[in-house]
Participant: 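Dropping a structure here in structure tokens format, bear with me for questions.
Both counts, for ligands and for their atoms, begin at 1 and track the order of listing.
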Amino acid sequence: MSRVALVTGGSRGIGAAISVALKAAGYKVAANYAGNDEAAAAFNKETGIPVYKWNVADYEASKAGIAKVEADLGPVDVVVANAGITRDVPFHKMSPEQWQQVIDTNLTGVFNTVHPVWPGMRDRKFGRVIVISSVNGQKGQFAQVNYAATKAGDIGIVRSLAQEGARAGITANAVCPGYIATEMVMAVPEKVRESIIAQIPAGRLGEPEEIARCVAFLASDDAQFINGSTISANGAQFFG
Ligand code: CAA
């Protein structure tokens with residue numbers, strides 16, 4: 001029987017590529033999304049992957065949404081915590097709201113996504129937790145004190161979960177994408193984006209599928225002994 005995979009933020013950007021790659025690898029995939037109904041409907045029409053709307057920053061909504069996924073598809077074996085936002089602004093201008101929104105979605109959102117599926121993974125003695133971190137969690141980034149804090153936090157989360165889950169057949173790993181050609185990166189002012197690309201030895205942005213293939217590998221049985229690690233996919237921009 002095919003395993004069930006849940007991808008948060010799974011209908012756009014890197015998350016959409018992950019959903020598609022996991023479906024192609026034989027998983028029953030559920031793609032969560034927070035707000036963009038139009039994009040989610042288009043994604044569902046194009047891929048046939050069911051979409052589920054909830055805000056990962058809300059614990060009760062996450063629990064209810066995951067319960068619906070499990071009722072429809074079966075217990076979640078693979079969870080990909082991918083949903084994330086940016087509120088880029090230099091620190092001296094950062095408001096408490098801009099700090100909190102990013103913490104709530106990117107960091108607390110990982111807790112809210114993994115916590116409801118963790119007991120079932122422990123009971124069934126199998127699980128894959130894959131958290132999408134970032135090169136900017138490894139190296140920091142101008143105007144991203146909030147975002148970098150959450151992405152560095154992801155690494156602490158998987159290293160801790162790995163130790164707790166190892167004997168129950170659960171692995172927890174992070175993927176640290178560099179700058180990938182998605183709406184999030186395209187929202188960076190063009191001049192700034194060009195200067196960032198100039199610092200990437202590969203000389204280009206990554207493709208979402210290049211991250212999705214890392215996730216598909218970490219989800220596979222072949223990756224059982226890889227636990228608490230990070231895979232960096234950034235075109236040699238940084239060695240974390
Ligand atoms: N290093 C050093 N200085 C920098 C800088 C950098 N990386 N980026 C901008 N600056 C400087 C500018 O040159 C400018 O200096 P001057 O005032 O001397 O001209 C100053 O900072 C800009 O300050 P402002 O107060 O005018 O900045 P702003 O309020 O207009 O904000 C910005 C501009 C938000 C910082 C904008 O430059 C930006 O979006 N930067 C990109 C941040 C970034 O890389 N985000 C990643 C998004 S993608 C992502 O997050 C996915 C992932 O995981 C990789």
Participant: Hey, any chance Val185 and Val135 share a hydrophobic cluster, counting ILVMFWY side chains that come within less than 4.5 Å of each other, even indirectly?
Facilitator: yes

Participant: State yes or no: do Val158 and Ile132 share one hydrophobic cluster built from I, L, V, M, F, W and Y residues joined by side-chain heavy-atom distances below 4.5 Å, directly or via other members?
Facilitator: no

Participant: Measuring only between side-chain heavy atoms, which start at C-beta, is Gln138 closer than 4.5 Å to Ile155?
Facilitator: yes

Participant: So which residues, sorted by chain and number, lie with a heavy atom under 4.0 Å of ligand 1?
Facilitator: Thr86, Asp88, Pro90, Lys93, Ser134, Asn136, Gln141, Phe142, Ala143, Gln144, Tyr147, Gly178, Tyr179, Met184, Val185, Val188, Pro189, Val192, Ile196

Participant: Salt bridge or not for Asp72 and Lys28, using N-O below 4.0 Å?
Facilitator: no

Participant: If you count every heavy atom of other residues, nucleotides or ligands that lies below 6.0 Å from Glu190 atom CD, does the total exceed 12?
Facilitator: no

Participant: Heavy-atom count check: over 12 atoms from other residues, nucleotides or ligands less than 6.0 Å from Lys139 NZ?
Facilitator: yes

